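Worksheet for the structure shown next.
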Amino acid sequence: MSTTQPPATAGEMAGRYEPAAVESEMRALWEAAGGFTAGGTRAGRPTFTIMIPPPNVTGVLHMGHALNGTMQDIVARHRRLCGFDVLWLPGTDHAGIATQAVVEKKLYAERKLTRQQLGREAFLAEIWAWKEKHGNYILEQLARLGASCDWSRTKFTMDPALSRAVREAFVRLWEKGLIYRGARLVNWDCLLQTAVSDDEIEYVPRKGRLWQLRYPVLRLAGGGAPGSGGTPTHIVVATTRPETMLGDTGVAVHPDDARWRALIGATVRLPLLDREIPVVADEGVEPKFGTGAVKVTPGHDPADYERGARHRLPIVNILAKDGTLNENAGPFAGLPREKAREAVVKALDEQGLLGKVEEIEHNVSMSDRSKSPIEPLISEQWFVKMQPLAVPAIEAVRSGSLRFKPERWARVYLDWLDHVRDWCISRQLWWGHRIPVWYDEDGVGVASREDLPLGSPHPKTGKPIVRQDEDVLDTWASSWLWPFATLGWPDDTPDLRRYYPTQFLSTASEIIYLWVARMVMAGHEFMQQLPPERRTPFATCFINTTVLDAQGRRMSKSLGNGIDPLELVAQYGADATRFSLVMLTKEGQDTRFAAEKTELGRNFVNKLWNASRFVLSRAGRLPVLDPARATALEDRWILSRLAATIEAAGEAYGHYDFNDAANLLYRFTWNDVCDWYVEAVKPRLLAGDEVAAAVLGRVMADLLALLHPFTPFVTEAVWQRLRAASDAPLEGVLAWARWPDGAGLRRDERAEADLARAQAVLTSVRKLRQQNDVPDRKPVRVTVALPDDAAVAGLQRAQDLLVRLGALASLTAARNPTRPAGAAADVSEGIEVLLDLEGLVDRAAQKADLQRTLDKVTKQADSITAKLSDESFTSRAPAPIVARERARLEELRAEQQRIEGLLAS
RNA sequence: GGGCGAUUGGCUCAGCGGUUAGAGCACCUGCCUUACAAGCAGGGGGUCGGAGGUUCGAAUCCUUCAUCGCCCACCA
């Protein structure tokens, strides 16, 4: 084998932008320049803070993260360019259940060990070891997308400082009486053996059965015998979970239901256990469903729990924590719930107490985490009273200290807060913040900021402490403190004072309840040293769109339809991935995405790269622009367009309208700069024209800054090259440069109109060339007829440009020029363009084309004529609108005449 | 059962009361023009889901229907 020099890649040879090398080079450049650490030399400036929604430590970057990270980075980079001291703080969430599950699985796969076998301490050590090894993976992935986070301030929800904050918050709430422990019906995950919150369950439609069970009536309300007066001897209830009948403590019917009214107040016998239970009247029963009679199982159904409470029915719990039936299930004790269901049905059937059985589709509640069915179960849990915390969180939106974008999400937020329920914060897990409550021998609990060693005296009772609560806190009990706990709270740190509250939170709609609302509550509850409007943890909550697959389905692991953002980065580049996402993502609108769509961004980045390559290689030194010397039409035009673009882009960025900003910059870059300006100026540039070079230098520098938030790598790379070639005093690193201020630029309406007219003429010329098989570079004599003197003058100002770009032998412009015989003709915008072909014209194609234009114009003219002859329009529409229609009609008439003239000749 | 969103060229989406409804992709034609074929030039194609209404004027506002999607809700 012979060794050879690595050849230039095919891509480089062909002028293709190759992102991989540039990206790592630029990251190194930023790193060398000090990285994106907040404060430092910018300590004197106004701050702009973004807290990353901490992804799970177990996480792997998916499209949602990529989109969210891109949005935050766009804002961070834009604000940095605008001169702010930007802190974008990164970090990860310990994600209790998810992480514990990952490590448990690994432990079992590798060493056939369960966590119980290992014991609490050793198991936690395993998780920490896992976290140290893999915990930063997702942040590293984000960095590859270009995220300009302050990596020196990276936080983790179980860092000692954050853990301290969690404990402080718990104790404060405890002291205010907002934390209580109680036996409540919770959503029990039998697989993970923990409670999960309402927000962590989902309803999945499943095929099931609706069984009718017959409970014998023992005696009527007044003590009458069953069946007397024609009353039913049995009450028939319908259920999808027959095994829960073992926990029934009543039967409910609607008070107005004629079928059962006679049984209200009666006592019935609960079969199998021979318990006597009452029949109660409850408005909440839907007579039309099932049999109209509902078994009431307060221990195992949330609706029944409340119904039972209304009628003071006792609660019987028949389930153990692992999902098997307990001693209250009598003969069925010890059976797993599925087996118990069969056994109960069989037993009832044997006693002739089973009624109709129907196949139905119904919603089954499933645990988000384990995907196993949720069993509502009474258990002792810790709760936070939410009502008092919700009040200021509602006020935050009402007063405008918190804004949602799109605004409609505010209602979702408010609706939830209006009906907020107490938050079950205890989890029967090991991985998480252990509940800081200690008990004495009588079981009297106390919350404490400091650990209470076993044997030490209980601060209230004085009796020795015997144990700490076994449970840990819900993960959200740490992440709701994220906006300030990451800055050092509860200590009064300089960071906390400087960077709280934050300005921008970007997240997904799914966690408005779980996270956003709770952070606002926490901000108002725990940051009371600040005035109320400054307690709100973020000024804007930006809700991202959902990235769907090409068929419009959610991307999910189980469907396998997800796209790995890093594969896009590898294939198309980080800039291309980011830019494509922004171009395809309109605020508030879900996005259908397929990998190929990244070509959009890749092509754009490539275009930008090549345009700059051309300028930098052909222009020589780029002098500082003196706007006074930029007198050529194309120069005045592009500078005017630049002025307009800076203004519009600034506006769009400021309003977080990223899609608008990207579209606008795309068009300016591709159409205005590349298609027109660079083409117009090529000969000048190659001839060493300094003004053209200076204009290009200015346009490029400003454009790179405008695009930098979207495509940081390529813009930085070009900036570095531009800086080396330019006499302008450009900052050393684009990432910390200044946002274009438009100095020396102004809108030039006349230049824009002149150029638009020239573009129309040129398009006609090119069209005629193609129609008549005239090669692009063969010089042609062109005559243009224009509607008025102003247009004629305007076209004359564009003469040089037209001759150059259109390869014209001559250009004649007048209102009514002499028309050369045998010319090819085109009419558009009231401008008639004639190409002198000395009779070599394809008459048929010509006529067909002109006829089509004429039809269109005639149709429009007719519709305006009708409009103008309508009295109600002319009298009621605003005068300027009517005048505009009149003017438009005149133009159309003139155009009609021109075309008719051409068709007649 | 409520709430929200969507329905615009073949596809994916902009436009959200006022001239001729736009873009990218795809398509047709001609071009390897020394920045870019991941490109250049030119072109064709939609009356804006259906029906009603408001208005001088509606893709844009209102009502209603249809279809699709998301969220919330204790129909056992």
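So that the names make sense, note that chain A is the first sequence line, chain B the second, and so on, each numbered from 1. Bear in mind the structure is a predicted one, so any value in this text is a computation, not a measurement.
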Given [options], which nucleotide is nearest the side-chain atoms of [X]?
X	options	value
A/Asn610	B/U19, B/A35, B/C56	B/A35
A/Asp675	B/C56, B/C74, B/A41	B/A41
A/Ile864	B/U20, B/A76, B/C71	B/U20
A/Ala303	B/C71, B/C74, B/C56	B/C74
A/Thr240	B/A76, B/C71, B/G15	B/A76
A/Arg884	B/U19, B/C56, B/G24	B/U19
A/Val285	B/G42, B/A76, B/A14	B/A76
A/Arg408	B/A35, B/A76, B/G5	B/G5
A/Arg888	B/G18, B/G43, B/U20	B/U20
A/Phe873	B/C72, B/A35, B/G18	B/G18

Note to self: Does the plane of the ring in A/Trp609 sit parallel, tilted or perpendicular to the ring in A/Tyr17? Use 30° and 60° as the thresholds.
What the structure shows: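 A/Trp609 vs A/Tyr17 ring planes: tilted.
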
Check: Any N or O donor-acceptor pair linking the side chain of A/Arg876 to the base of B/U55 at under 3.5 Å?
Finding: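 Checked by distance alone, the answer is no.
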
Item checked: Which residue lies more 5' along RNA chain B, comparing A/Glu510 with A/Lys586 via nearest heavy atoms ->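 The 5'-side residue here is A/Lys586.
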
Next item on the list: Starting from the 5' end of RNA chain B, give me the residue, A/Thr874 or A/Asp304, whose nearest nucleotide shows up first.
Entry: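 Comparing both residues, the 5'-ward one is A/Thr874.
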
State the pairing partner of [N]; accept Watson-Crick or G-U wobble contacts with both distances under 3.5 Å, and report none otherwise.
N	value
B/U20	none
B/C48	none
B/A6	B/U67
B/U55	none
B/C40	B/G30

Look at [X] and [N] and indicate whether a side-chain polar atom (N or O) is within less than 4.0 Å of OP1 or OP2.
X	N	answer
A/Lys607	B/C40	yes
A/Lys682	B/A35	yes
A/Arg16	B/A38	yes
A/Arg602	B/C36	no
A/Arg852	B/G44	yes
A/Arg618	B/A35	yes
A/Trp670	B/C40	yes
A/Arg592	B/U12	yes

Checklist line | Within 45° cone and under 6.0 Å: A/Lys405 NZ/CZ vs A/Tyr656 ring | finding: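 No, A/Lys405 does not lie over the aromatic ring of A/Tyr656.
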
Checklist line | A/Lys682 to A/Phe614, cation-pi by 6.0 Å centre distance and 45° axis angle | finding: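 Here A/Lys682 passes the 6.0 Å and 45° test against A/Phe614.
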
Next item on the list: Kindly say whether A/Pro376 contributes a backbone atom to a donor-acceptor pair with the side chain of A/Asn187 at under 3.5 angstrom?
Entry: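 Here the side-chain-to-backbone pair does not exist.
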
Note to self: Using the rule side chain to side chain donor-acceptor pair (under 3.5 Å), only one of A/Lys295, A/His300, A/Glu375 pairs with A/Thr244; which is it?
What the structure shows: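 When A/Lys295, A/His300, A/Glu375 are each tested with A/Thr244, the side chain to side chain donor-acceptor pair (under 3.5 Å) holds only for A/Lys295.
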
Describe the nucleic acid contact of [X] in one word from base, sugar-phosphate, nothing, applying a heavy-atom distance below 4.0 Å.
X	value
A/Arg241	nothing
A/Thr763	sugar-phosphate
A/Val857	nothing
A/Gln589	sugar-phosphate

Next item on the list: In whole angstrom, give me the gap between the P atoms of B/G44 and B/G69.
Entry: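 B/G44 and B/G69 have their P atoms separated by 38 Å.
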
Item checked: Residues A/Arg888 and A/Gln860: side-chain donor-acceptor under 3.5 angstrom ->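 Distance-only check passes for A/Arg888 and A/Gln860.
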
Notebook entry, point to check: Cut-off 3.5 Å, side chains only: do A/Thr545 and A/Asp590 have a donor facing an acceptor?
Noted result: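 No - no donor-acceptor pair under 3.5 Å links their side chains.
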
